[in-house]
Novice: 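Following this message is one structure expressed as structure tokens.
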Amino acid sequence: MEAAVLTHEHGHAVAHAADHAHEHHEPSFIRKYLFSTDHKTIAKQFLTTSMFFLLVGGAFALFIRWQLAYPGEPIPVIGSWLPDSLVSNGAIQPGFYTQLVTMHATVMIFFVIIPMATGAFANFCIPLMIGTDDMAMPIVNMMSFWLVPIAGLTIMAGFFVEGGTAAAGWTNYPPLSASGMGHTLWVMGVFLVGFSSILGGMNYVTTVLNKRAKGMRMFDMPMTVWALFITAILQTLGTPVLAADAVLLFVDQVFHAGIFIPENLLTPSGGLFPNGANVGTGGGGQPVLWQHLFWFYSHPAVYIMILPVMGVVSDVLATFARKPIYGYKAMVFAIMAIAFLGFVVWGHHMFLSGMSPLLGTTFMLSTIVIAVPSSIKIFNWLGTVWRGDIHFTTPNLNALGFISTFVCGGLSGVFMAIGPIDVYIHDTYFIVAHIHYVLFGGALFGIFAGVYYWFPKMFGKMYNESMGKFHFVLTFITFNLCFFPMHMIGVGGHMRRIHDPYVYEFLKPFQPINQFITIFAILLGFSQLILIFNLLWSVKYGRPAPRNPWRANTLEWAAPAHPGHGNFDRDITVYRGPYEYASPESKRDYLPQWIRPAHVEQETVAKH
């Protein structure tokens, strides 16, 4: 009986595909692969671009680590290739070091994690997982991608202008950032990538609200779609504040309007800023205003990076535990709570800015409260895998790795939420450890889980499972050995953004730890080449993927193994939620959303 059902569905699918074959013409190479409006191609473009910038940002990180471990020593091999304006006999100069610190964080945040989480995953997953053919606004979708490489090239061009690229840290605080062409290019690039984010968020919200498949209610959506939907709202509301901040700083840089530059600011040469001109007489700027506007966006940006990954991890865990997600609605409301609270905690980044202690206390309390919905998610993930039929596939290993590292990063965040403690550790490597446990250990492990999970549907091929597991194990071990010791040297007082630790006598005993960290940072960086090789090799030589290799329930697995234009070769109607694993209604351990109840009844009769 089951065979008859599948044969009927296959026949319907073939007929449906034949109908669509006459409706669509094969586009040109440029239209199909470069300026495509197909959401799947755009997702691949986001993925490829982010992978490229991952290598660039990773290289910057290794330069930073080399200088901290071996101050004044020439960079092996590459040091001799760099111009004398950046290095001295192959060793990193102080000015180049501050540029590396600035550009490493800028690239990783704006051109790796955000485009991969909200660009690649949102574009690929939303239409497929809600059972529709494409985004609501395909041309806007194409524009949102092409702004990203343009923005990246704009920022990277700073290395080739007089004075070098931005060097005020990724937060780009004025007045340090209020002069120099490198800083102006940074502001322009951030504005462009922010505009891309706004266009994407607007498109995702519209698509989810208006293009869901027949029968799909909001609470029939998978956690990945819920997370991307709420993240899109964050993007749409928060990113315009960053864009406005960037415009104001641009006006200060170009026209010296005195928005952020304080009155009578002295330069190191003793003259008034810039070039002896008293730029503050127009009213006297407020540097702290930049901080308020920047962090009003940038703390929600942490959740723009992490919430999509939380959705991915939820779906991966349920699939490979062969169990329904534990507390589905509680998980949705927890994401909503995190998103809302993310807008009222920005001040904890500014405990040292001189704010009122009463105001600081309110930010401290709201920051502690945000741990509650995060804890709900951790509890529910553990409830999902508890006593499940766990399959330790590569996506599931990365999802479990995400949980462990995110918990560690969250626990260290509790210390920084407390103002009196943050005063001590704010400018130390404790902060560096925390942010990397959240954004590398959290976001990137979750991104790796999603890349492996949807790779078969994205490319129609299976990746090499053994190589994938080796990549995870090597990455997980080297990550923890690289970043966990940073907590210790941070508590010991090792400051951030320092070019030469040997300048301070009390930092010299930490140098063996710095060298230990650098060794594993190098291993961590090069281990990502395994991922890239696995993906490229599998696209070319991997075995063909079946339609539903993971025996999952969500709608993307109803599409062909490598979906073409229009995505689906059958009419999609949703009959149930996305997590009907081990359902008594079906003899199999999964019950997809698109299977009609009549077919389930036929399966049950055949079973008995």
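By convention here, the first residue in the shown sequence is residue 1. All of these numbers come straight from a predicted model, not from anything done at the bench.
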Novice: Decide side chain to side chain contact (heavy atoms under 4.5 Å, CB included) for Phe250 and Phe191; before the verdict, give the C-alpha distance in whole Å, the side-chain angles of both, and the deciding distance to 0.1 Å.
Specialist: CA-CA 10 Å; Phe250 180 84; Phe191 179 86; over 6 Å; no
Novice: Quick one: closest heavy-atom pair of Ile498 and Pro501, and the distance?
Specialist: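 Of all heavy-atom pairs spanning Ile498 and Pro501, the closest is CD1-CA, 4.0 Å.
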Novice: Is a side-chain donor-acceptor pair under 3.5 Å present for Ser314 with Trp381?
Specialist: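 Short answer, yes.
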Novice: With a sphere of 6.0 Å drawn around CZ of Phe379, does it hold more than 12 non-hydrogen atoms of other residues, nucleotides or ligands?
Specialist: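 Atom CZ in Phe379 is not crowded, with 12 or fewer foreign heavy atoms closer than 6.0 Å.
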Novice: Does Trp346 have its ring centroid less than 6.0 Å away from the ring centroid of Phe363?
Specialist: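 Yes, the ring of Trp346 comes within the 6.0 Å limit of the ring of Phe363, centre to centre.
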Novice: Using modelled atom types only, decide if a donor and an acceptor are shared between the side chain of Asn123 and the backbone of Gly119 within a distance under 3.5 Å.
Specialist: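 Confirmed, Asn123 side chain pairs with Gly119 backbone.
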Novice: Do you know the tightest heavy-atom contact between Ala334 and Ile376?
Specialist: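 Taking every non-hydrogen atom into account, CB-CG2, 4.2 Å.
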Novice: side-chain contact (heavy atoms from CB on, under 4.5 Å) with Thr231: which of Val309, Thr118, Thr236, Ile306?
Specialist: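 Among Val309, Thr118, Thr236, Ile306, the one meeting side-chain contact (heavy atoms from CB on, under 4.5 Å) with Thr231 is Thr118.
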Novice: Quick one: sort the Phe483 and Phe440 rings into parallel, tilted or perpendicular, breaks at 30° and 60°.
Specialist: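 Phe483 and Phe440: tilted rings.
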Novice: Using 30° and 60° as the class boundaries, would you call the ring planes of Tyr437 and His487 parallel, tilted or perpendicular?
Specialist: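 Tilted.
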Novice: How far apart are the closest heavy atoms of Asn480 and Pro485, and which atoms are they?
Specialist: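 That closest heavy-atom pairing would be O-CD, 3.7 Å.
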Novice: Taking atom CE of Met495 as the centre, report whether more than 12 heavy atoms of other residues, nucleotides or ligands fall under 6.0 Å from it.
Specialist: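 Atom CE in Met495 is packed in, count exceeds 12.
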Novice: Can you name the nearest heavy-atom pair linking Pro287 to Pro262, along with the distance?
Specialist: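 For Pro287 versus Pro262, the nearest heavy atoms are CG-CD, 3.7 Å.
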Novice: Would the number of heavy atoms belonging to other residues, nucleotides or ligands and lying under 6.0 Å from CZ of Phe343 be above 12?
Specialist: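 Result for CZ/Phe343: enclosed.
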Novice: Of Tyr303, Phe296, Trp295, which meets ring-ring contact (aromatic ring centres under 6.0 Å, His included) against His299?
Specialist: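 The single option meeting the ring-ring contact (aromatic ring centres under 6.0 Å, His included) with His299 is Tyr303.
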Novice: Below 4.5 Å, heavy atoms only, C-beta onward: do Thr362 and Leu359 meet side chain to side chain?
Specialist: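 Yes, their side chains come closer than 4.5 Å.
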Novice: Answer yes or no: does atom CZ of Phe255 have more than 12 heavy-atom neighbours from other residues, nucleotides or ligands under 6.0 Å?
Specialist: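 At most 12 heavy atoms, drawn from other residues, nucleotides or ligands, come within 6.0 Å of this atom.
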Novice: Are side-chain heavy atoms of Asn141 and Met135 found at a separation under 4.5 Å?
Specialist: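 Sidechains of Met135 and Asn141: in contact.
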Novice: Counting only heavy atoms not in Ile139, do more than 12 fall under 6.0 Å of its CD1?
Specialist: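 Check fails, neighbour count at 12 or below.
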Novice: Any side-chain heavy atom of Asn172 sitting closer than 4.5 Å to one from Trp290?
Specialist: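 Of all side-chain heavy-atom pairs linking Trp290 with Asn172, at least one is under 4.5 Å.
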Novice: With a 4.5 Å heavy-atom cut-off, do Gln253 and Ser179 have their side chains touching?
Specialist: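 The answer is no; the side chains never approach within 4.5 Å.
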Novice: Would you mind reporting whether Leu228 and Thr224 have side-chain heavy atoms less than 4.5 Å apart?
Specialist: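 With C-beta onward as the side chain, the pair touches.
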Novice: Check the orientation of Phe229 and Trp226. Use parallel for under 30°, tilted for 30 to 60°, and perpendicular for over 60°.
Specialist: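 Perpendicular: the ring planes of Phe229 and Trp226 meet at over 60°.
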Novice: What I want to check is whether the side chains of Thr106 and Trp186 have a donor and an acceptor closer together than 3.5 Å.
Specialist: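 Present: a donor and an acceptor within the cut-off.
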Novice: If you compare all heavy atoms of Val107 against all heavy atoms of Phe60, which two are closest, and at what distance to 0.1 Å?
Specialist: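 Minimum heavy-atom separation between Val107 and Phe60: CG2-CE1, 4.3 Å.
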Novice: If you count heavy atoms of other groups shown closer than 6.0 angstrom to CD of Gln528, is the number above 12?
Specialist: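 Enclosed.
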Novice: For a quick test of reading the model, state the closest non-hydrogen atom pair linking Ile155 to Val190 and the distance between them.
Specialist: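 Answer, listing the atom of Ile155 first, then Val190: CD1-N, 4.0 Å.
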Novice: Taking atom types as modelled, is there a side-chain donor on Gln291 or His349 under 3.5 Å from an acceptor on the other?
Specialist: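 No, no side-chain donor-acceptor pair sits under 3.5 Å.
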Novice: Using a 3.5 Å cut-off and no angle test, enumerate the donor-acceptor pairs between side-chain atoms of residues 402-423 and protein atoms at least two apart in sequence or in another chain.
Specialist:
| unit_1 | atom_1 | unit_2 | atom_2 | d |
| --- | --- | --- | --- | --- |
| Ser404 | OG | Gly401 | O | 3.0 |
| Thr405 | OG1 | Gly401 | O | 2.9 |
| Thr405 | OG1 | Phe402 | O | 3.2 |
| Thr405 | OG1 | Gly441 | O | 2.5 |
| Ser412 | OG | Gly409 | O | 2.8 |
| Ser412 | OG | His434 | ND1 | 3.0 |
| Asp422 | OD2 | His426 | ND1 | 3.1 |

Novice: Measuring only between side-chain heavy atoms, which start at C-beta, is His183 closer than 4.5 Å to Val187?
Specialist: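 His183 does not reach Val187 side chain to side chain.
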Novice: Would you call Phe96 and Phe159 a side-chain contact if the rule is heavy atoms closer than 4.5 Å?
Specialist: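 The answer is yes; the side chains approach within 4.5 Å.
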Novice: Judged by modelled atom types alone, do His348 and Thr367 share a side-chain donor-acceptor pair under 3.5 Å?
Specialist: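 Yes, Thr367 and His348 have a side-chain donor paired with an acceptor closer than 3.5 Å.
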Novice: Do Leu249 and Ser177 have side chains that approach each other closer than 4.5 Å (heavy atoms only, starting at C-beta)?
Specialist: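 Of all side-chain heavy-atom pairs linking Ser177 with Leu249, at least one is under 4.5 Å.
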